[in-house]
Amino acid sequence: MSLKARISLFLVVTFLVFCVAIYGIYKLLIYPNYVQMEMEDARKNTEDCVKLLKGELATLNMMVDGWASWDDTYRFVGDPNSRDDYIKSNLGVEFFVNGKLNLLYILNTEREILWGKIYDLQSRLTVSLPEFSAQLLPGENYFFQHKAGDGSVKGVLPTRQGILLLVSRPILTSLKKGPSRGTFIMGRFLSEERLETLAQQSRIDFTIQPIPAAGMPEIMAQITTEQTIYISPEHRDKNYIHAYTTFAGVAGKPAFLIAVKMPRNISTRSTEIISTVILSAIAIGFLFIFFWMMYLQRTIVAPLSKLTRHTAAIRESDDLSLRCAVNREDEIGVLSREINHMVERLQQVRLELNRKLKVEINGHQKAEKSLRRDQEFLLQLFENSPFGIVVMDSQNKILNVNRKFEIIFQYSLEEAREKSIDDIIVPPEMLAEAKKLSTRTLEGEIVQYETIRKRKDGQTVDILLHGVPIYLENDQVGIYGMYLDITEQKQMQEEKNLLKDRLVEAKKMEAVGTLAGGMAHEFNNLMAIILGNIELLINSGIENQVMRKRLDAIKTSADRSATLTNQLLSFSRKQMLKLERLDFNDLVGSIGYMMRNVFGEGVKQEIILAPQLDPIEGDQSQLAQVIMDIVQNACDAMPEKGRLTIKTENVSLDDAMCLEIPESRPGRFICISVNDTGIGMDQETLKHIFEPFFTTKLIKNSTGLGLAFVYGTVKQHNGWLNVYSEEGKGATFKIYLPVMSREAD
């Protein structure tokens with residue numbers, strides 16, 4: 001067997017063993033891990049579905065909280081004369097449609113229904129639910145068992161119309177004080193359309209059906225208190241993995257079965273990848289063997305045979321003789337003997353030729369090499385200079401330009417040759433300056449000057465100009481003009497100055513915040529002592545009415561002072577936050593009725609909410625107060641009439657966009673913009689609007705801490721604000737808040 005055949009066989013066997021080893025490692029070690037990863041993903045997706053349903057209940061709970069703790073609702077239950085106005089103003093068809101509600105019941109403390117309706121949003125007709133009437137209203141009922149603290153009762157009820165989400169709360173005042181005058185109950189059907197939307201948002205394929213689930217007795221038996229999530233074994237379905245869990249109904253017992261269906265992308269893809277890897281390895285192996293065989297043929301066998309024939313012919317003609325000492329019977333041995341005969345003759349001829357030619361060509365080579373080197377040095381210096389260089393005669397006519405000049409001014413050598421430099425790159429308004437510089441250079445002066453020149457397309461370029469006179473045999477025959485484009489450097493300097501100004505402003509606000517926070521803490525300690533003593537005096541039983549009125553006035557002022565210190569703490573970012581997952585669209589909707597109370601009759605409201613707004617993590621009450629403060633500020637700027645627009649949107653910022661937005665940083669954010677058509681602000685006012693106690697209103701009408709509270713709260717949520725305003729053109733406040741990470745979501 002030849003050497004080439006043995007090497008080829010060895011490579012083939014090695015590659016086959018390698019591929020078998022790869023497949024064995026994958027099947028025994030890697031593939032089981034991928035299956036386990038799929039099961040963990042299925043378990044997580046099932047848990048996320050449960051969280052989605054709880055999130056729907058939480059959203060409904062927030063809406064019920066607003067209505068149940070509204071003073072008008074409290075008055076509706078206690079004052080029969082106000083009920084017609086309340087129903088006419090608030091409980092029309094628009095209430096159900098805008099709130100996407102299907103059920104509303106208002107009951108007094110004796111559980112008498114003062115007003116109730118079950119509404120079908122699709123048919124726009126009132127419907128009845130025997131399940132609700134029979135289970136929820138009479139006797140000792142789940143939805144009247146309100147606890148202390150949150151006070152809400154939430155649950156899910158299977159009905160013939162579908163899955164009904166229900167929340168009830170005691171009816172209290174807007175300050176969450178009682179005594180309770182009854183119960184406020186709201187309900188919303190979890191429609192097929194909403195379930196499809198939740199599936200799209202979460203990217204989870206799931207279904208919900210009431211228990212007992214038809215055709216699934218085995219699955220129901222597997223879901224126990226010890227195993228709340230059941231995952232079907234992988235051999236049941238090669239393409240999908242199925243996971244199941246239950247969801248409690250209004251009575252706290254399992255009422256619904258949640259089924260999650262997830263494609264087995266991980267294990268399928270891993271199998272495809274390992275198959276591709278093995279096939280690719282085999283293909284590469286055979287290609288390698290093929291090319292290796294070709295390489296042996298081309299680089300060893302064929303050249304040796306050719307050299308053998310060639311050297312044999314030289315030996316037979318007595319031109320050369322071989323002197324190789326290798327004694328072999330193969331092609332290499334034959335070649336060795338032939339080369340020994342040829343080398344001796346070649347060596348003699350080479351020595352003779354070298355002696356004759358060396359003397360003749362040595363001098364010519366040195367001269368030509370030196371000349372070519374000097375010319376190349378000068379040409380490279382001219383063409384590769386960072387300066388745009390132009391060579392002109394004494395009349396400013398262009399003789400030559402380098403590549404950098406063509407790049408800066410967009411003129412080729414053919415376009416610029418024989419033309420006056422002043423006619424093509426000097427702006428008309430700067431001709432006098434250019435002539436003075438040319439005159440100075442022609443008088444023998446080396447000129448350096450920063451100026452502006454124009455390109456072929458008319459755009460101007462910031463230039464550092466060097467003018468150097470050219471002398472030939474002591475006579476000045478022309479000028480070197482060297483131009484350095486400094487446009488980018490100047491722009492970078494301007495950007496650097498802008499960033500420096502922003503840094504100074506940020507440090508100023510940080511210093512003010514630190515001072516405000518320290519003062520607020522000290523002031524809080526003093527106010528605590530004052531308020532404590534006032535409470536003791538009020539509760540001591542003083543019968544003098546004048547004295548009690550004075551104490552009440554002191555307490556009111558002290559309470560207002562405590563509010564101011566809390567605003568200062570928010571500005572200094574030292575206020576405690578209650579962070580939770582928030583949908584800002586729901587937040588804007590929940591405070592919509594409060595914003596209507598702020599508007600004057602001439603102010604029109606427009607709310608534009610982004611579909612599928614990304615969730616954030618924040619303090620709901622603090623952020624709601626932020627929006628209310630900005631809305632109040634906007635309404636103050638429109639005392640008679642105007643338009644207020646509130647808009648939410650998802651934004652993604654990169655490094656380039658961050659250069660244009662002050663205080664920004666790259667990433668994913670939501671943007672809440674509040675725009676008014678009011679009187680606007682000048683630039684000097686804009687510089688101070690977030691400073692504590694700065695106000696353009698009458699002192700008796702403002703503390704100057706509203707926007708300072710807004711600034712501190714947004715900063716404490718790791719966001720920032722941008723304000724755009726001009727006098728007479730209104731103002732726009734933009735709040736940027738970071739969205740929750742996908743892992744947290």
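Heavy atoms only: backbone and side chains are in, while hydrogens, waters and symmetry mates are out.
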How far apart are the closest heavy atoms of [X] and [Y], and which atoms are they?
| X | Y | result |
| --- | --- | --- |
| Leu172 | Pro179 | CD2-C, 4.4 Å |
| Asn650 | Gln612 | ND2-O, 3.2 Å |
| Pro170 | Ala68 | O-CB, 3.7 Å |
| Lys641 | Met638 | O-CB, 3.7 Å |
| Val77 | Arg181 | CG1-O, 3.0 Å |
| Ser180 | Thr109 | O-CG2, 3.4 Å |

For atom CD of Glu726, decide whether the heavy atoms of other residues, nucleotides or ligands shown that lie under 6.0 angstrom number more than 12. no
With a cut-off of 6.0 Å (strictly less than), are more than 12 heavy atoms of other residues, nucleotides or ligands near CD of Glu192? no
Where do Ile204 and Cys49 land on the side chain to side chain contact (heavy atoms under 4.5 Å, CB included) test, with the steps shown first? CA-CA 8 Å; Ile204 301 173; Cys49 289; 3.7 Å; yes
Identify the residue among [options] that makes a side-chain contact (heavy atoms from CB on, under 4.5 Å) with [X].
| X | options | value |
| --- | --- | --- |
| Ile735 | Asn722, Leu623, Val714, Thr713 | Val714 |
| Leu166 | Val156, Leu103, Val153 | Leu103 |
| Ile670 | Asp583, Leu582, Leu613 | Leu613 |

Establish, from distance only, whether the side-chain atoms of [X] and [Y] form a donor-acceptor pair under 3.5 Å.
| X | Y | value |
| --- | --- | --- |
| Glu94 | Asn98 | no |
| Asn585 | Thr648 | yes |
| Arg169 | Asn61 | yes |
| Asp71 | Ser174 | yes |

Spacing of [atom1] belonging to [X] relative to [atom2] belonging to [Y], to within rounding of 0.5 Å:
| X | Y | atom1 | atom2 | answer |
| --- | --- | --- | --- | --- |
| Phe584 | Cys671 | CZ | SG | 10.5 Å |
| Asn81 | Phe76 | CG | CZ | 12.0 Å |
| Ile608 | Glu649 | CD1 | CD | 9.5 Å |
| Ser664 | Trp720 | OG | CH2 | 5.0 Å |
| Leu165 | Arg194 | CG | CZ | 9.5 Å |
| Asp676 | Leu644 | CG | CG | 6.5 Å |

Heavy-atom distance under 4.5 Å between the side chains of [X] and [Y], does that happen here?
| X | Y | answer |
| --- | --- | --- |
| Tyr105 | Lys117 | no |
| Leu114 | Arg83 | yes |
| Val50 | Ile258 | yes |
| Leu198 | Glu56 | yes |
| Ile679 | Glu727 | no |
| Ile106 | Thr183 | no |
| Ile607 | Val588 | yes |
| Tyr119 | Asn102 | no |

Between [X] (side chain) and [Y] (backbone), is there a donor-acceptor pair under 3.5 Å?
| X | Y | answer |
| --- | --- | --- |
| Asp120 | Arg124 | no |
| Thr246 | Phe256 | no |
| Ser725 | Gly730 | yes |
| Arg188 | Gly99 | yes |

Are [X] and [Y] within salt-bridge range, i.e. N to O under 4.0 Å?
| X | Y | value |
| --- | --- | --- |
| Lys176 | Asp65 | yes |
| Lys647 | Glu606 | no |
| Arg581 | Glu617 | no |
| Arg668 | Asp614 | yes |

Applying side chain to side chain contact (heavy atoms under 4.5 Å, CB included), run through Ile208 and Leu195 and close with a yes or a no. CA-CA 9 Å; Ile208 302 176; Leu195 288 173; 3.7 Å; yes
Test applied, side-chain hydrogen bond (donor to acceptor under 3.5 Å, both in side chains); reference residue, Tyr86; option that passes from Thr73, Asp79, Asp72: Thr73
May I have the step-by-step check of side chain to side chain contact (heavy atoms under 4.5 Å, CB included) for Asp586 and Met62, ending in yes or no? CA-CA 9 Å; Asp586 294 339; Met62 187 166 55; 3.9 Å; yes
Is the gap between the ring centers of Trp115 and Phe184 under 6.0 Å? no
Aromatic ring proximity Phe95/Trp67, centre distance under 6.0 Å: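 Yes, ring centres under 6.0 Å apart.
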CA sep, side-chain torsions, deciding dist, call: Thr732, Val674, side chain to side chain contact (heavy atoms under 4.5 Å, CB included): CA-CA 6 Å; Thr732 299; Val674 180; over 6 Å; no
